[in-house]
**Student:** 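First the structure, which I've put down as structure tokens, then a few questions once you've had a look.
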Amino acid sequence: MRWPVTKSKLLRATTRAPAVGYTRAVEQSCLSLLDACNKFSKLTQLHSRIIKSGLQNNRLVLTKFAATASALCAIDYASTFIFLPESDPYLYDVFLFNTVIRAYAQTSDLKSKALCNYNLMLRCSVLPNKYTYPFVLKACAGIGDLRLGKSIHGSVLKLGFHDDLYVQNTMVHMYWGNSDGVELARKVFDEMPKFDSVSWTVMISGYARLGMSHDAIGLFREMQIAGVCADEITMVSVLSACTDLGALELGKWVEFYIGKQRIQKKVELWNALIDMYAKCGDIDKAIELFRSMNDRSIVSWTSVIVGLAMHGRGIEAVALFEEMVGSGVVPDDVVFIGLLSACSHSGLVEKGKQYFDFMRTFGLVPKIEHCGCMVDLLCRAGLVKEAFEFIQDMPIEPNPVVWRTLVNACGAQGLMKLGEKISRQLIKNQPLHESNYVLLSNIYAKMLNWGKKTNVREVMDKKGMRKIPGSTMIELDNQIYEFVAGDRSHEQCEEMYQMVEEMGRKIKNAGYLPATSEVMLDINDEDKEDALYHHSEKLAIAFALLNTPPETPIRIVKNLRVCKDCHAAIKLISKVYNREIVMRDRNRFHLFKDGFCSCRDFW
DNA sequence: GTAGGGTTAG
């Protein structure tokens, strides 16, 4: 930092009276001008005025200057003015540092500067107070440096601020900032003598953000038992957990609860509700909510556009985007990701290309995610060679995600040599990333080259890697059930497998041919068929057929993309059993009805 | 004179 303060210098500074070259009236007028300042240009004028009046050594003025600047998002400007190497440390009090640290902690990419100023504060021998730590911990949460967090935790304990609820809550939040901090977050939370709604929300949102949605919901139930009232921010996190689980019934109950508890519906909560409905399969309800909103943010529009994209309703997504632009909302880069993925899921290749170029009209430079969407768009449309050329001409360095999209398409389109070459390169670059090996081994399986496929699997085993197991969730009577392939853990296991057998027989009569090439194992065809029948989605559907009245729609959520065979089988199941089956997979929704799927086999 | 938790993305 700028200057180390020696003890003698500090002593001199604190005992010396401030230089007075101005009157109380000048000081007061400057303070009220700063108070009223609402533009950066005015602030720069005030800056010169402060210097002219000799107020640059006035502590009150400097502090107010920092507060005004931070309200105008110009804290960098303020701090270069305030923290001059030749300044007397006496000028800096804890309130000034708090103002500066807060401003940096609130700005997403300047959080490390908050910590620099905290260090400067300590070096100036200014003692932090209980207001300082929530800011410091917030900055630390954003950086996610666990070691740093622990050391700040130590300081908090030493200074005795650990009894303060604000400090405790931000401490828990800080530990959630690093994925290795979960245990510590839990520990601090468990040891807290008192909680308020913020304490619970920090924990619930922590679990929700890490995708530990069951835990998030569980904690929300505990919160209710503990008798703490949830507020609108709690509900946003609870809804986001419902969204992740695809738990529509639970989500509907949450909406009911919000109404019953008279929780204020701010735009963020509306958005969370829209997102929940869209991603839990009820896109029409999401649209209805969106239409009934008074003031929408860009997130509201994006949520509906993404929802439409996931439902394969690309044309409507495009129309909504046009409506958004027409109504004067300036698109951001996230909405373009949604829009491009809408084009991709609906095969709107030309539209997608146009929008990709259109981004620049709004001063947006395509990022790697947008390029990824374009590669996806071309690959899905079968234009693998064009996608390959696109990657080679991309202005940005392609990332592994982009390459993996291409390899996947190579496998599907029969470009085995290219797929093999790229996935080998991917493994070289990212030797610890499982999906690179899975892609290569799938390519070999499609080439029927079992020897090479086994080699890849052996390498994976040696490195202790495993493919993420596919699982399917289903919600029934407020319970969420999860199945994995070949699952035998459920109490209705026997009945379920009998039902799977029955389903197999009935759909075979209706013309189903097991797509045994989808099973990436070197076993005989009969075994392959068996493996297919026991995929988690089929088990979940069997479970639903057993436990719900006839004609009730079935909703399931798969964690990976649905395989070709299950897709074909579910189409026929929907016809034979006269059931509407809504399936969310990793990428999108499939609505199976009367033997057809809403994705028109395009996914 | 100052404080904490939340939403959209392949």
Side-chain angles (χ1 to χ4, degrees), chain A residues 31 35 59-60 63-64 66-67 70 93-103 105-106 128-138 141 161 164-174 176 195-206 208-209 230-241 243 266-276 278-279 286 296-307 309-310 331-342 344-345 367-377 379-380 399-402 404-405 408 561 586-588:
Chain A
L31 287 174
D35 248 340
R59 190 164 65 186
L60 287 178
T63 307
K64 179 70 81 185
S70 76
D93 69 355
V94 58
F95 186 67
L96 174 67
F97 275 112
N98 286 356
T99 308
V100 174
I101 292 170
R102 176 179 60 177
Q106 283 170 343
N129 63 11
K130 64 173 182 175
Y131 299 105
T132 316
Y133 280 101
F135 303 138
V136 172
L137 288 163
K138 185 178 182 167
F161 294 132
D164 186 274
L165 190 56
Y166 281 79
V167 174
Q168 286 167 350
N169 285 341
T170 37
M171 187 74 74
V172 178
H173 184 233
M174 179 276 291
W176 275 111
F195 309 102
D196 65 0
S197 69
V198 176
S199 330
W200 288 96
T201 308
V202 170
M203 290 299 289
I204 293 171
S205 70
R209 259 181 307 163
D231 61 19
E232 80 270 13
I233 301 181
T234 320
M235 297 325 284
V236 169
S237 291
V238 173
L239 279 169
S240 125
T243 308
K266 288 192 186 160
V267 64
E268 293 84 355
L269 187 50
W270 277 101
N271 294 345
L273 276 168
I274 290 175
D275 188 48
M276 183 278 291
K279 292 205 190 120
R296 302 164 183 151
S297 70
I298 181 95
V299 178
S300 331
W301 292 91
T302 309
S303 300
V304 183
I305 289 171
V306 169
M310 285 183 80
D332 64 2
D333 49 344
V334 181
V335 77
F336 268 104
I337 296 173
L339 181 66
L340 292 174
S341 88
S344 172
H345 285 295
K367 291 186 183 168
I368 190 72
E369 290 88 346
H370 303 98
C371 296
C373 285
M374 290 308 287
V375 173
D376 192 48
L377 175 92
C379 285
R380 274 174 206 271
N399 66 6
V401 182
V402 168
R404 280 196 284 271
T405 307
N408 213 4
R561 276 174 75 175
R586 198 191 165 90
N587 276 343
R588 61 168 293 152

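Sequence lines set the chain letters: A, B, ... in the order given, protein chains first and strands last, and positions in each chain run from 1. The analysis underlying the following values was restricted to heavy atoms, covering all of them including side chains, and did not include hydrogens, waters or symmetry mates.
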**Student:** Can you identify which nucleotide, out of dG5(B), dG1(B), dG6(B), has its nearest atom closest to the Asp231(A) side chain?
**Tutor:**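 Nearest nucleotide to the side chain: dG5(B).
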**Student:** Would you check if the side chain of Arg588(A) reaches a backbone N or O of His345(A) as a donor-acceptor pair within less than 3.5 Å?
**Tutor:**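 Side chain of Arg588(A) to backbone of His345(A), a donor-acceptor pair under 3.5 Å: yes, one is there.
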**Student:** Look at all strands and tell whether Ser197(A) reaches a base, only sugar-phosphate, or nothing, counting heavy atoms closer than 4.0 Å.
**Tutor:**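 Result for Ser197(A) = base.
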**Student:** Write down the distance between CG (Leu137(A)) and C1' (dT2(B)), rounded to a whole number of angstrom.
**Tutor:**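 Atom-to-atom, Leu137(A) to dT2(B), this comes out as 16 Å.
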**Student:** Rounded to whole Å, please give me the gap between CZ in Phe135(A) and C1' in dG5(B).
**Tutor:**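 Going from CZ in Phe135(A) over to C1' in dG5(B) covers 15 Å.
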**Student:** Rounded to the nearest Å, what distance is computed from the CG atom of residue Asn129(A) to the P atom of nucleotide dT2(B)?
**Tutor:**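 Result: 11 Å.
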**Student:** From CD1 of Ile204(A) over to P of dT7(B), roughly how many Å is that when rounded to an integer?
**Tutor:**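 So the two atoms are 13 Å apart, to the nearest Å.
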**Student:** Thr234(A) side chain: which of dG5(B), dT2(B), dT7(B) is closest?
**Tutor:**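 Looking only at side-chain atoms, Thr234(A) lies closest to dG5(B).
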**Student:** Of all the nucleotides listed (dA3(B), dT2(B), dG5(B)), which has the minimum atom distance to the side chain of Tyr166(A)?
**Tutor:**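 Nearest to the side chain of Tyr166(A) among the choices is dA3(B).
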**Student:** Give the rounded distance in Å between these two atoms: CE of Met235(A) and P of dT7(B).
**Tutor:**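 Distance, rounded to whole Å: 14 Å.
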**Student:** Specify the separation, in whole Å, of atom CG of Asp93(A) and atom P of dG1(B).
**Tutor:**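 Rounded to whole Å, this separation is 13 Å.
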**Student:** Let me know the distance between CD of Glu232(A) and P of dG6(B), rounded to the nearest Å.
**Tutor:**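 Rounded to whole Å, this separation is 13 Å.
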**Student:** If you define the side chain from C-beta out and look only at heavy atoms, does anything of Leu60(A) sit under 4.5 Å from Lys64(A)?
**Tutor:**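 They are not in side-chain contact.
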**Student:** Kindly point out which of dA3(B), dG6(B), dG5(B) is positioned nearest to the side chain of Val236(A)?
**Tutor:**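 Nucleotide nearest to Val236(A)'s side chain: dG6(B).
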**Student:** Could you tell me the separation between the CD atom of Glu232(A) and the CG atom of Leu239(A), rounded to the nearest 0.5 Å?
**Tutor:**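 If I round to the nearest 0.5 Å, the distance is 12.0 Å.
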**Student:** Where do N or O atoms of nucleotides 8-10 of chain B meet protein N or O atoms at under 3.5 Å, pair by pair?
**Tutor:**
residue, atom, partner, partner atom, Å
dA9(B), OP1, Lys279(A), NZ, 2.5

**Student:** I'd like a table of donor-acceptor pairs (distance under 3.5 Å, sequence neighbours excluded) in which one partner is a side-chain atom from residues 95-103 of chain A, with atom names and distances.
**Tutor:**
residue, atom, partner, partner atom, Å
Asn98(A), OD1, Thr132(A), OG1, 2.8
Asn98(A), ND2, Asn129(A), OD1, 3.2
Thr99(A), OG1, Phe95(A), O, 2.8

**Student:** Measure the distance between the ring centre of Tyr131(A) and the centre of the six-membered base ring of dA3(B), then answer whether it is under 5.5 Å with planes under 30°.
**Tutor:**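 Stack criterion not met.
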**Student:** Determine whether a donor-acceptor pair (N or O, by modelled atom type, separation under 3.5 Å) exists between the side chain of His370(A) and the backbone of Asp333(A).
**Tutor:**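 Yes, His370(A) side chain to Asp333(A) backbone: donor-acceptor pair under 3.5 Å.
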**Student:** Take atom OH of Tyr133(A) and atom C1' of dG5(B), then tell me their distance rounded to the nearest Å.
**Tutor:**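 Whole-Å distance recorded here is 21 Å.
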**Student:** I want to verify a distance call: between dA3(B), dG1(B), dT7(B), whose nearest atom is closest to the Asp164(A) side chain?
**Tutor:**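 Closest nucleotide to the Asp164(A) side chain: dA3(B).
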**Student:** CG of Asn399(A) to CD1 of Ile368(A): how many Å apart, nearest 0.5 Å?
**Tutor:**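 Nearest 0.5 Å value for the CG-CD1 distance: 4.0 Å.
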**Student:** Taking only residues two or more places apart in sequence, or in another chain, which ones meet Asp196(A) in a salt bridge (charged side-chain N to carboxylate O under 4.0 Å, His left out)?
**Tutor:**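 Here no residue qualifies.
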**Student:** Need one value for Lys266(A): base, sugar-phosphate or nothing, where a base atom within 4.0 Å counts as base even if backbone is also close, heavy atoms only.
**Tutor:**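 No contact.
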**Student:** Using a heavy-atom cut-off of 4.0 Å across all strands, would you classify Ser300(A) as base, sugar-phosphate, or nothing?
**Tutor:**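 It contacts nothing in the nucleic acid.
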**Student:** At less than 3.5 Å, do the side-chain atoms of Asn98(A) and the base atoms of dG1(B) form a donor-acceptor pair?
**Tutor:**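 Donor-acceptor pair under 3.5 Å: no.
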**Student:** Does some side-chain heavy atom of Ser300(A) sit less than 4.5 Å from a side-chain heavy atom of Ser303(A)?
**Tutor:**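 In short, these two side chains do not touch, never coming nearer than 4.5 Å.
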